[in-house]
Protein chains: 2
Amino acid sequence: MRLTSKGRYAVRAMLDLTVNSNGNPVRLQEISNRQNISLHYLEQLFRRLRNGQAVKSVRGPGGGYVLARSMDEITVKDILDCVGENINPAKDIIGSEAETANTPEFHISKDYFQNLGVIMKEYLQTTSLGDLIRKSREKDLGGRPDAPTDTPEPKPGYNMGTPI
Amino acid sequence: MRLTSKGRYAVRAMLDLTVNSNGNPVRLQEISNRQNISLHYLEQLFRRLRNGQAVKSVRGPGGGYVLARSMDEITVKDILDCVGENINPAKDIIGSEAETANTPEFHISKDYFQNLGVIMKEYLQTTSLGDLIRKSREKDLGGRPDAPTDTPEPKPGYNMGTPI
DNA sequence: TTATCACTCGACTAAAAGGGTCACGTCAAC
DNA sequence: GTTGACGTGACCCTTTTAGTCGAGTGATAA
């Protein structure tokens with residue numbers, strides 16, 4: 001399982017695109033300037049986002065990229081999938097270790113990490129670009145200026161009490 | 001953030017050690033045979049587990065490794081930390097991107113991924129070796145033989161409803 | 001006192017992944 | 001037909017992973 005800057009770059013670029021497009025195509029050059037991400041690297045990422053049907057491209061002058069669906073129909077997980085972020089902590093178990101060790105310990109840890117994957121997937125799948133943008137607007141308006149908000153609080157929907 | 005076979009190997013080896021030690025040292029050679037993990041690779045992992053105070057070593061004939069604490073005082077997170085698995089999805093943000101892009105989009109995604117890190121950390125930190133072993137014993141005894149149990153169900157303690 | 005057992009340590013390797021760059025396309029509009 | 005922008009494949013360097021190797025050191029027992 002990996003979650004690297006590639007995925008965060010993609011999410012960031014998609015947020016930028018969402019915010020700065022008003023139905024109009026947004027050029028990668030703009031996103032590159034605003035987000036300080038290499039243009040060539042963005043091209044690579046958006047190639048994958050386009051293949052994954054997350055964005056559509058418009059060529060020629062005045063062209064750029066637009067979301068392929070509404071911002072509420074594109075989840076973070078969609079984006080990570082497009083750029084090839086592998087979220088499942090147990091995925092590479094299949095085929096590499098599965099048959100080489102059929103011990104109880106193997107199954108215990110496999111089940112345990114698979115369940116972590118379920119939790120992560122749920123987290124990423126239930127958040128859309130729209131959710132993120134609305135959340136940040138809320139924060140700007142109703143934020144507590146005395147709190148740094150640097151440390152994220154666990155979401156209220158999650159009960160962290162008894163993971164086993 | 002990475003969660004690779006290194007971490008799973010370590011957890012598996014620690015489970016093996018826990019189950020097969022009765023206060024006595026367990027040789028890496030045994031673990032290697034049972035779990036089908038390269039002996040030399042195990043040596044590397046246990047070096048780190050020892051440096052991280054998760055196990056103690058006993059040298060000489062009859063030697064091997066024993067847990068440094070009880071199985072209920074060693075969490076999965078402890079083990080992953082020892083072998084160098086980086087669990088925080090937002091960790092490598094600090095210092096590499098932080099100052100180069102101070103955009104709202106950057107902060108949105110940073111907070112979001114940091115919160116995922118909190119959730120993952122909580123999951124890994126609240127599970128001890130003892131928890132895993134007891135859980136697997138329960139399954140063996142009270143298991144439903146008609147259900148394959150291959151697909152892990154989300155833990156009852158987690159409410160997956162509203163992650164944002 | 002020496003053989004042996006088992007951990008200890010540093011160095012090394014091949015392969016993969018991550019992050020990024022480049023040159024050269026092609027399509028569309030003015 | 002030139003310019004703006006995406007499209008594509010190939011390439012690059014660095015770090016990490018997973019694994020190997022060989023020469024130790026410390027403890028036990030014959």
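No hydrogens, no waters, no symmetry mates; every other heavy atom, side chains included, goes into these values.
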### Basic-acidic side-chain contact under 4.0 Å: A/Arg12, A/Asp16
no
### Query
What string of B, S and - do you get for nucleotides 21-30 of chain C, 5' to 3', when a contact is any protein heavy atom under 4.0 Å?
BB--BBSB--
#### Entry: Phosphate OP1/OP2 of C/dC9 contacted by B/Arg50 side-chain N/O (<4.0 Å)
yes
### Query
Under 4.0 Å: is that the gap between some side-chain N or O of A/Tyr9 and OP1 or OP2 of C/dG18?
no
### Message
For a quick test of reading the model: is some side-chain N or O of A/Ser57 closer than 4.0 Å to OP1 or OP2 of D/dG7?
### Response
yes
#### Entry: Atom-to-atom span, CD of A/Glu85 to C1' of C/dG18 - whole angstrom
10 Å
### Query
Expressed in angstrom and rounded to an integer, what is the separation of A/Lys6 atom NZ from C/dA17 atom P?
10 Å
### Query
Under a 4.0 Å heavy-atom cut-off, which of residues 73-82 of chain A touch DNA chain C?
none
### Message
Nearest whole Å is fine: how far is D/dT8 P from A/Leu45 CG?
### Response
15 Å
### Task
Considering non-hydrogen atoms only, spot the tightest contact between A/Val26 and A/Ser21 and give its length.
CG2-CB, 3.5 Å
### Query
Does a side chain donor of either A/Gln125 or A/Thr75 reach within less than 3.5 Å of an acceptor in the other side chain?
no
### Message
Would the distance check show the side chain of B/Thr126 and the main-chain N or O of B/Glu122 forming a donor-acceptor pair, the cut-off being under 3.5 Å?
### Response
yes
### Task
Under 4.0 Å from any atom of DNA chain C, heavy atoms only: list the residues of residues 24-33 of chain B that qualify, in numerical order.
B/Val26, B/Arg27, B/Leu28
### Query
Taking atom P of D/dG19 as reference, at what distance in whole Å does atom CG of B/Asn36 sit?
10 Å
### Task
Ignoring backbone atoms, establish whether A/Thr4 has a side-chain N or O less than 4.0 Å from OP1 or OP2 of C/dA17.
no
### Query
What pairs with B/Thr18 under side chain to side chain donor-acceptor pair (under 3.5 Å), at least two apart in sequence or on another chain?
none
### Query
Closest heavy-atom contact between A/Val66 and A/Gly23?
CG1-O, 4.0 Å
### Message
So, OP1 or OP2 of C/dG19: does either fall under 4.0 Å of a side-chain N or O from A/Ser5?
### Response
yes
### Task
Would you mind listing every ring pair (Phe, Tyr, Trp, His ring centres under 6.0 Å) that reaches into residues 45-86 of chain B, with sequence neighbours excluded?
B/Phe46-B/Tyr65
### Task
Would you mind reading off the distance between B/Leu42 atom CG and D/dG19 atom P, rounded to a whole angstrom?
10 Å
Ignoring hydrogens and angles, write down the donor-acceptor pairs under 3.5 Å from the side chains of residues 47-55 of chain A, residues two or more places apart or on other chains.
unit_1, atom_1, unit_2, atom_2, d
A/Arg48, NH1, A/Val83, O, 3.3
A/Asn51, ND2, A/Arg47, O, 3.3
A/Gln53, NE2, A/Asn51, O, 3.3

### Query
Between the main-chain N or O of A/Thr4 and the side-chain N or O of A/Glu85, is there a donor-acceptor pair closer than 3.5 Å?
yes
### Task
Spell out, as yes or no, whether a donor-acceptor pair under 3.5 Å connects the side chain of A/Ser109 to the backbone of A/Phe106.
yes
### Query
Going by atom types only, do B/Glu73 and B/Ser128 share a side-chain donor-acceptor pair under 3.5 Å?
no
### Query
With sugar-phosphate meaning primed atoms plus P, OP1 and OP2, does A/Tyr65 contact a base, only sugar-phosphate, or nothing at under 4.0 Å between heavy atoms?
sugar-phosphate
